Trainee: 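To start, I am sharing the structure in question, which I have written as structure tokens.
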Protein chains: 2
Amino acid sequence: MAGSRPPARRAPTMRDVSRLAGVSPMTVSRTLADPGLVSEEARRRVLAAVDQLGYVPDRGAGSLSSRRTGFVALIVPSLINPNFADTAAGLTAAMRPRGYQPLIGVTGYSVSEEEVVLRAMLSRRPDAIVVSGMHRSPAARDLLARAGVPVVEIWDRPEAPIDRAVGFSNYAVGRLAAETLVAKTRVARTDIARSNVARTGAARRTEGAVRIAGLGPARTGETRDFRGEERLRGFRDGLAAAGLADAPILHHGSVAGAFTQGAEAMAALLARGGAEAVFLVSDIPAFGALMECRRRGIRVPEDVQILGFGDFEIGRQCVPRLSTIAVDAAEIGRRTGALVLDLLDGVAADPAVIDLGFSLLLRETTVAESGG
Amino acid sequence: MAGSRPPARRAPTMRDVSRLAGVSPMTVSRTLADPGLVSEEARRRVLAAVDQLGYVPDRGAGSLSSRRTGFVALIVPSLINPNFADTAAGLTAAMRPRGYQPLIGVTGYSVSEEEVVLRAMLSRRPDAIVVSGMHRSPAARDLLARAGVPVVEIWDRPEAPIDRAVGFSNYAVGRLAAETLVAKTRVARTDIARSNVARTGAARRTEGAVRIAGLGPARTGETRDFRGEERLRGFRDGLAAAGLADAPILHHGSVAGAFTQGAEAMAALLARGGAEAVFLVSDIPAFGALMECRRRGIRVPEDVQILGFGDFEIGRQCVPRLSTIAVDAAEIGRRTGALVLDLLDGVAADPAVIDLGFSLLLRETTVAESGG
DNA sequence: AGGAAGCATGGTACCGATACCAAAGCAAGC
DNA sequence: GCTTGCTTTGGTATCGGTACCATGCTTCCT
């Protein structure tokens with residue numbers, strides 16, 4: 001009958017293989033771990049026995065003895081966020097050929113949950129730990145510092161890393177966003193003045209205070225998007241440096257359902273009088289904001305310019321294509337994987353902090369450079 | 001200096017805790033596993049020692065002895081696909097409160113890779129295995145059947161499950177898609193005839209053969225999206241049942257970069273004369289197709305109706321909102337988690353195959369029911 | 001020829017927890 | 001008072017591998 005399992009007869013062990021092959025268990029172990037150590041003849045017999053029995057080694061048992069588990073803990077806020085999914089995929093791809101298995105822990109952006117997840121990971125004795133961001137509870141930081149294995153903080157650029165870091169400065173992303181929108185607003189006004197369009201909205205925009213807004217996560221509550229907050233902080237500072245200290249910065253709620261949050265934040269901004277240009281801390285809410293504009297017949301970029309962050313696939317595909325500040329999420333994963341492998345091999349030549357940087361991708365939700 | 005780790009002094013063991021607390025290791029073990037078994041006094045002393053030493057039990061060692069690892073293997077084609085990410089999140093949420101750790105394996109839709117990943121998982125001796133879909137290599141199926149632990153196939157509705165299954169019939173989804181588009185095409189023609197619009201394209205559509213198309217994955221190659229293929233098969237059969245056996249079914253390539261694939265497939269379809277209505281096997285390429293239409297000034301749903309699958313967040317947010325056939329990906333994960341817990345507790349009351357069904361969500365990329 | 005060095009193999013002692021059984025301590029029942 | 005049974009605790013073996021050391025044999029060198 002479907003649904004029944006064979007009575008769980010014990011899986012064959014190395015001892016079973018060794019008996020069948022007529023060698024000692026040690027020879028079986030060596031054959032599987034480093035075939036070069038055993039004779040051609042022994043290897044042949046062992047592999048035949050492995051095949052015949054369908055033997056799959058128990059790495060848990062091996063780990064206990066060798067004190068290497070082959071696990072790499074990866075703790076991220078969410079797997080739904082394509083950025084972290086990409087990073088997880090990149091890390092996995094880099095490490096699986098060497099037999100490492102990622103242990104993925106998801107915190108749901110919760111500070112307290114990170115600690116719980118971290119404890120669960122540590123009980124599996126990972127050979128290395130990869131965590132996102134640089135902000136965490138003191139207890140969590142302490143657990144990491146005492147873990148006795150390589151620790152890599154990713155997706156940020158800590159001043160004082162616990163051990164290593166692979167990422168970029170979220171604060172600098174925000175600064176660049178501010179500078180970009182300040183410049184683009186100037187371009188837009190020039191274009192409008194030059195083309196002498198008599199539309200009310202456009203006409204109004206060529207005079208008066210520059211209106212640039214930022215939309216990002218709230219800085220309170222149990223769930224926190226610290227990296228988004230950093231970008232928003234950099235953005236605010238960047239605007240202040242350009243003399244726009246009173247620019248509206250609107251905060252939306254929890255990071256879950258980010259599409260909707262972007263739409264709602266944009267609606268709130270419009271209710272407050274709108275803006276000429278808006279920075280959103282992620283492409284996901286930026287897409288939501290873009291769609292909100294479309295629903296209301298607000299033209300992008302003519303009426304409102306939109307700048308996102310992350311270079312998500314969705315921003316490349318939508319119409320108009322989203323201008324964004326790009327980071328290579330998969331590369332963060334791959335680079336972290338390579339670094340971890342080096343550290344585990346004792347070949348740690350890299351600097352403590354690897355800054356992968358970011359790049360500005362001006363597409364269709366910001367205005368083009370003023371021609372001539 | 002940043003980047004240096006403390007010399008990896010051995011982590012404290014249960015023995016260290018027992019010495020500090022003045023009890024035997026067994027009492028420590030019991031305190032942690034089932035506190036009700038030890039006296040108030042002993043429990044207090046043990047917990048204090050645990051706290052003082054920062055002891056984290058080694059579950060690998062425990063597993064070896066108890067023959068329960070607390071791992072649940074989850075093998076999916078991709079984590080980038082939000083559907084599987086949602087399912088993974090749902091499964092994780094359901095199982096973590098009971099101390100189970102998901103071991104996520106990603107196959108990249110590759111048949112041969114699934115076998116490799118499965119072997120890697122088996123070497124960790126998971127207490128249960130969850131795999132997506134029902135199509136796999138004979139060797140992989142054999143490994144699963146002999147694993148000696150509960151096996152749950154998800155995201156499909158196998159006739160002969162290896163053990164258990166939680167999902168829905170992808171074939172039936174395709175049939176429903178066909179029926180839906182046949183009906184919707186009739187509605188659209190009626191509307192157009194009634195409103196007497198003189199537009200060339202519209203006029204042409206009220207006569208001649210119904211043109212309904214399907215866009216989905218190729219059925220060859222090393223990477224296969226079997227579930228998408230099933231939906232497309234059901235769609236083709238559904239059209240044939242409606243007398244449209246010669247409807248164009250276009251296949252796109254690898255499942256990676258599905259946004260672009262949808263756009264390209266739509267472009268190819270338009271090059272072949274277009275269609276009145278199109279079914280795409282996932283919302284991701286459906287969104288790509290929708291944007292391709294927008295780039296070309298083709299109106300949706302007036303000129304082309306689009307129906308997707310999956311009810312992804314993106315389809316809820318985009319303009320126009322995507323009509324789709326919805327499945328609850330997170331619920332598949334949660335339900336699977338609950339089933340696995342029951343099986344591990346020996347409370348297996350559920351039927352071998354749990355069909356969660358699906359539902360039709362008619363939003364804005366298909367025409368509304370004809371008024372009156 | 002004698003000894004050093006290297007290769008292939010095996011034996012033994014763990015790794016750090018839990019299962020299982022034994023036993024001590026104590027209260028209740030006759 | 002002694003047995004019975006429950007609660008609480010501890011000792012010992014073991015889970016399935018690998019580290020480490022020892023051994024037998026061959027090869028090569030002086």
Side-chain angles (χ1 to χ4, degrees), chain A residues 8-47 49-50 53-71 99 120 122-127 148-149, chain B residues 8-46 49-50 53-71 99 101 122-127 148:
Chain A
R9 51 158 175 31
R10 237 176 77 284
T13 72
M14 193 168 269
R15 168 117 256 137
D16 298 322
V17 175
S18 76
R19 265 195 285 263
L20 182 58
V23 297
S24 76
M26 270 317 299
T27 298
V28 177
S29 176
R30 277 191 276 256
T31 304
L32 268 28
D34 188 352
L37 289 176
V38 301
S39 67
E40 168 70 28
E41 166 66 8
R43 191 184 321 146
R44 206 183 43 68
R45 299 234 303 275
V46 167
L47 293 179
V50 164
L53 293 175
Y55 171 70
V56 178
D58 183 334
R59 293 202 60 181
S63 303
L64 189 56
S65 178
S66 68
R67 312 181 71 68
R68 278 173 292 105
T69 57
F71 285 131
L122 287 173
S123 75
R124 303 297 186 172
R125 300 289 189 270
D127 292 339
V149 296
Chain B
R9 53 159 175 31
R10 235 177 77 287
T13 72
M14 195 167 267
R15 167 118 256 136
D16 299 321
V17 175
S18 77
R19 264 195 287 263
L20 182 58
V23 297
S24 75
M26 269 318 297
T27 298
V28 177
S29 176
R30 277 191 276 254
T31 304
L32 268 28
D34 188 352
L37 289 176
V38 301
S39 67
E40 168 70 29
E41 166 66 8
R43 193 186 319 149
R44 205 182 44 68
R45 299 234 303 275
V46 168
V50 164
L53 293 175
Y55 170 71
V56 178
D58 183 333
R59 292 203 59 181
S63 302
L64 188 55
S65 177
S66 68
R67 313 182 72 67
R68 278 174 291 107
T69 57
F71 285 131
Q101 164 78 42
L122 287 174
S123 75
R124 302 298 185 169
R125 300 288 190 267
D127 293 337

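All values below come from the heavy atoms of this structure, side chains included, with hydrogens, waters and symmetry mates left out. As the structure is a prediction and not an experimental result, all values here were calculated from the model. By convention in this document, chain letters (A, B, ...) are assigned in the order of the sequence lines, proteins followed by strands, and residues within each chain are numbered from 1.
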Trainee: For Val38(A) versus Arg43(A), what's the shortest heavy-atom pair and its separation?
Mentor: O-NH2, 3.2 Å

Trainee: Please report, rounded to the nearest Å, how far the C1' atom of dT7(D) is from the CD atom of Glu40(B).
Mentor: 15 Å

Trainee: For the side chain of Asp58(B), starting at C-beta, report the closest nucleotide among dA17(C), dG10(C), dG16(D).
Mentor: dA17(C)

Trainee: With nearest nucleotide decided by heavy atoms, which residue, Gly36(B) or Met14(A), maps closer to the 5′ end of DNA chain D?
Mentor: Gly36(B)

Trainee: What are the two closest heavy atoms between Pro57(B) and Leu32(B), and how far apart are they?
Mentor: CG-CD2, 4.4 Å

Trainee: Output yes when at least one side-chain N/O atom of Tyr55(A) is less than 4.0 Å from OP1 or OP2 of dG16(D), else no.
Mentor: no

Trainee: Between dG10(C) atom P and Arg19(A) atom CZ, what is the distance in whole Å?
Mentor: 14 Å

Trainee: Over all strands shown, is Pro25(A) touching base, sugar-phosphate only, or nothing at heavy-atom distances under 4.0 angstrom?
Mentor: nothing

Trainee: Between the base of dG10(D) and the side chain of Arg30(B), is there a donor-acceptor distance below 3.5 Å?
Mentor: yes

Trainee: Give a yes/no answer on whether the side chain of Ser63(B) brings an N or O atom under 4.0 Å of OP1 or OP2 in dT18(C).
Mentor: no

Trainee: Kindly say whether, by distance alone, the side chain of Ser24(A) makes a donor-acceptor pair under 3.5 Å with the base of dG10(C)?
Mentor: no

Trainee: If you check every side-chain atom of Val23(A), which of dA19(C), dA17(C), dG10(C) has the closest atom?
Mentor: dG10(C)

Trainee: Would you indicate what Arg68(A) reaches in the nucleic acid, counting non-hydrogen atoms under 4.0 angstrom: base, sugar-phosphate, or nothing?
Mentor: sugar-phosphate

Trainee: Do Arg45(B) and Thr27(B) make a side-chain contact, defined as non-hydrogen atoms from C-beta onward lying under 4.5 Å apart?
Mentor: no

Trainee: Just the rounded figure in Å: distance from C1' of dC15(C) to CZ of Arg59(A).
Mentor: 16 Å

Trainee: Would a distance-only check, ignoring hydrogens and angles, find a side-chain to backbone donor-acceptor pair under 3.5 Å from Ser29(A) to Pro25(A)?
Mentor: no

Trainee: Could you state the CG-P distance from Asp34(B) to dT18(C), rounded to the nearest angstrom?
Mentor: 12 Å

Trainee: I want to verify a distance call: between dT18(D), dA17(C), dG10(D), whose nearest atom is closest to the Met26(A) side chain?
Mentor: dT18(D)

Trainee: Assign Ala42(A) to base, sugar-phosphate, or nothing according to its heavy-atom contacts below 4.0 angstrom with the strands shown.
Mentor: sugar-phosphate

Trainee: How close or far is atom P of dT8(D) from atom CD of Glu41(B), stated in whole angstroms?
Mentor: 13 Å

Trainee: State whether Thr27(A) places a side-chain N or O below 4.0 Å from either non-bridging phosphate oxygen (OP1 or OP2) of dG10(C).
Mentor: yes

Trainee: Here's one to test your reading of the geometry: is the NZ or CZ of Arg124(B) within 45 degrees of the ring axis of Phe71(A) and under 6.0 Å from its centre?
Mentor: yes

Trainee: Starting at CG of Leu122(B) and ending at P of dG16(D), how long is that distance when rounded to a whole Å?
Mentor: 16 Å

Trainee: DNA chain D: Leu37(B) or Leu64(B), which has the more 5' nearest nucleotide?
Mentor: Leu37(B)

Trainee: Okay, side chain of Thr69(A), backbone of Arg125(A): is any donor-acceptor separation there less than 3.5 Å?
Mentor: yes

Trainee: Please confirm whether the shortest side-chain N or O distance from Thr13(B) to OP1 or OP2 of dC15(C) is below 4.0 Å.
Mentor: no

Trainee: For the side chain of Arg67(A), counting heavy atoms from C-beta on, which of dT12(D), dG16(C), dG16(D) is nearest?
Mentor: dG16(C)

